[in-house]
Novice: 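One structure, as structure tokens, below. Some questions next.
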Amino acid sequence: MPTIFTHPAVPIAIGYGLGSNIIPPRLIVAGIAASVIPDLDVIAFKFGIAYADQFGHRGATHSLAFAVLLGAAAAAVAPWLRSKRLTAFLFVTVSAASHGLLDMLTTGGLGVAVLWPYATERYFFPWRVIVVSPLSLWEFLGLRGWRVIASELLWVWLPAAIAFVIIAFATAGRRSRRS
Ligand SMILES: [Zn+2]
């Protein structure tokens with residue numbers, strides 16, 4: 001995985017880029033949660049479920065189907081999120097789906113069961129540029145941790161910042177044309 005701090009880059013960039021009229025604060029929080037929830041599957045290790053199992057790490061919870069499920073849950077509670085149902089659905093689905101897709105860019109571990117339950121194969125993208133974060137905190141605190149952070153800044157936060165600027169400009173442009 002990229003680190004738990006980096007997955008929220010996607011909902012933060014899209015959410016703040018679109019602005020609070022479209023993505024209210026509660027929906028941003030839901031999107032951030034959806035972007036890290038897939039990694040709760042590491043508890044599978046504690047239950048003796050193998051990494052490669054469909055319910056192991058980077059398995060079912062990293063699939064597009066699971067992302068749609070979280071999106072549907074967000075749509076169901078959309079009034080509480082102060083959001084339109086379709087907006088809640090799309091934003092949370094994209095936030096959750098981005099998790100598995102970012103993991104598919106990492107240099108280590110097993111691939112992602114992105115097509116579960118249709119297929120249980122694990123996939124990577126052809127270009128794997130994000131240095132994988134070690135699963136143990138101790139390993140992370142060494143030199144390896146710095147390489148992970150540098151690579152996440154370059155390959156996730158920088159593109160997210162660029163996306164934020166583009167989305168914010170496009171959204172502001174639309175708003176000013178309407179008024
Ligand atoms: Zn992950």
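Position 1 is the first residue of the sequence, and the numbers go up from there.
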Novice: Would you please test Arg82 and Leu27 for side chain to side chain contact (heavy atoms under 4.5 Å, CB included) and show each step?
Specialist: CA-CA 8 Å; Arg82 312 252 191 280; Leu27 185 53; over 6 Å; no
Novice: Linking Ile, Leu, Val, Met, Phe, Trp and Tyr by side-chain heavy atoms under 4.5 Å, what else ends up with Val68?
Specialist: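 Other cluster members: Leu86, Phe89, Leu90.
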Novice: Using every non-hydrogen atom in the two residues, find where Val156 and Ala9 come nearest and quote the distance to one decimal.
Specialist: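 Between these two residues, the closest heavy atoms are CG1-CB, 3.9 Å.
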Novice: Ignoring hydrogens, what is the shortest heavy-atom contact between Trp157 and Thr6? Give both atom names and the distance.
Specialist: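 That closest heavy-atom pairing would be NE1-OG1, 3.0 Å.
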Novice: To the closest 0.5 Å, what do you measure between OG (Ser98) and NE2 (His7)?
Specialist: 7.5 Å
Novice: Please evaluate residues Leu102 and Trp155 with respect to the criterion side chain to side chain contact (heavy atoms under 4.5 Å, CB included), reporting the C-alpha separation (whole Å), side-chain torsions for both, the decisive distance (0.1 Å), and the verdict.
Specialist: CA-CA 10 Å; Leu102 282 178; Trp155 294 110; over 6 Å; no
Novice: If you look at every heavy atom in Ile32 and Ile12, which pair is closest and at what distance?
Specialist: CD1-CG1, 3.9 Å
Novice: For a quick test of your reading: what N or O donor-acceptor pairs under 3.5 Å do the side chains of residues 73-81 make, sequence neighbours left out?
Specialist:
none

Novice: What's the shortest heavy-atom distance between Thr61 and Pro38, and which atoms?
Specialist: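 Smallest heavy-atom distance, with atoms named: OG1-O, 2.8 Å.
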Novice: Distance-only, no hydrogens or angles: does the Arg128 side chain make a donor-acceptor pair with backbone N or O of Thr106 under 3.5 Å?
Specialist: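 Indeed, once roles are kept as given, a pair shorter than 3.5 Å links the two residues.
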Novice: Checking Ser35 now: which residues fulfil side-chain hydrogen bond (donor to acceptor under 3.5 Å, both in side chains) with it, not counting sequence neighbours?
Specialist: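 Scan of Ser35 (side-chain hydrogen bond (donor to acceptor under 3.5 Å, both in side chains), adjacent residues dropped) gives none.
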Novice: Return the CZ to CE distance between Phe124 and Met104, rounded to the nearest 0.5 Å.
Specialist: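 Spacing of CZ (Phe124) from CE (Met104) equals 8.5 Å.
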Novice: Suppose clustering is done on Ile, Leu, Val, Met, Phe, Trp and Tyr with side-chain heavy atoms closer than 4.5 Å. Which residues sit in the same group as Val29?
Specialist: none
Novice: Please say yes or no: joined through hydrophobic side-chain contacts below 4.5 Å, possibly via intermediate residues, are Phe45 and Ile49 part of one cluster?
Specialist: no
Novice: What closest approach, in Å, do Ser151 and Val129 show between heavy atoms, and which atom pair accounts for it?
Specialist: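 That closest heavy-atom pairing would be OG-O, 3.9 Å.
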Novice: For the atom pair CD1 (Ile22) and OG1 (Thr171), what is the distance rounded to the nearest 0.5 Å?
Specialist: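 That separation rounds to 5.5 Å.
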Novice: Answer yes or no: is there a side-chain heavy-atom contact under 4.5 Å between Val132 and Asp103?
Specialist: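 They are not in contact (no side-chain heavy atoms under 4.5 Å apart), so the answer is no.
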Novice: Quick check on the hydrophobic clustering: are Phe55 and Ile43 connected, directly or via other members, by side-chain heavy-atom contacts under 4.5 Å?
Specialist: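 No, it is not one cluster - the side chains of Phe55 and Ile43 are not joined through contacts under 4.5 Å.
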Novice: Throw together a table of side-chain donor-acceptor distances under 3.5 angstrom for residues 108-123, partners on residues two or more places apart or in other chains.
Specialist:
{"residue": "Trp116", "atom": "NE1", "partner": "Gln54", "partner atom": "OE1", "Å": "2.6"}
{"residue": "Arg122", "atom": "NH1", "partner": "His57", "partner atom": "O", "Å": "3.0"}
{"residue": "Arg122", "atom": "NH1", "partner": "Arg58", "partner atom": "O", "Å": "3.2"}
{"residue": "Arg122", "atom": "NH1", "partner": "Gly111", "partner atom": "O", "Å": "3.0"}
{"residue": "Arg122", "atom": "NH2", "partner": "Tyr51", "partner atom": "O", "Å": "2.6"}
{"residue": "Arg122", "atom": "NH2", "partner": "Asp53", "partner atom": "O", "Å": "2.9"}
{"residue": "Arg122", "atom": "NH2", "partner": "His57", "partner atom": "O", "Å": "3.2"}

Novice: Once you round to the nearest 0.5 Å, how far does CZ of Phe164 lie from CG of Leu18?
Specialist: 10.0 Å
Novice: Determine the minimum heavy-atom distance between Ile28 and Ile23, stating which atoms define it.
Specialist: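 Looking at all heavy atoms of both residues, the shortest contact is CG1-CG2, 3.5 Å.
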Novice: Of all residues at least two apart in sequence or in a different chain, which pass the side-chain contact (heavy atoms from CB on, under 4.5 Å) check with Ile37?
Specialist: Ala33, Leu40, Phe66, Leu70
Novice: Do His62 and Asp41 come within less than 4.5 Å of each other through their side chains, counting heavy atoms only?
Specialist: yes
Novice: Measuring from atom OH of Tyr16 to atom CD1 of Ile167, what distance do you get when rounded to the nearest 0.5 angstrom?
Specialist: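 If we round to the nearest 0.5 Å, Tyr16:OH and Ile167:CD1 are 14.0 Å apart.
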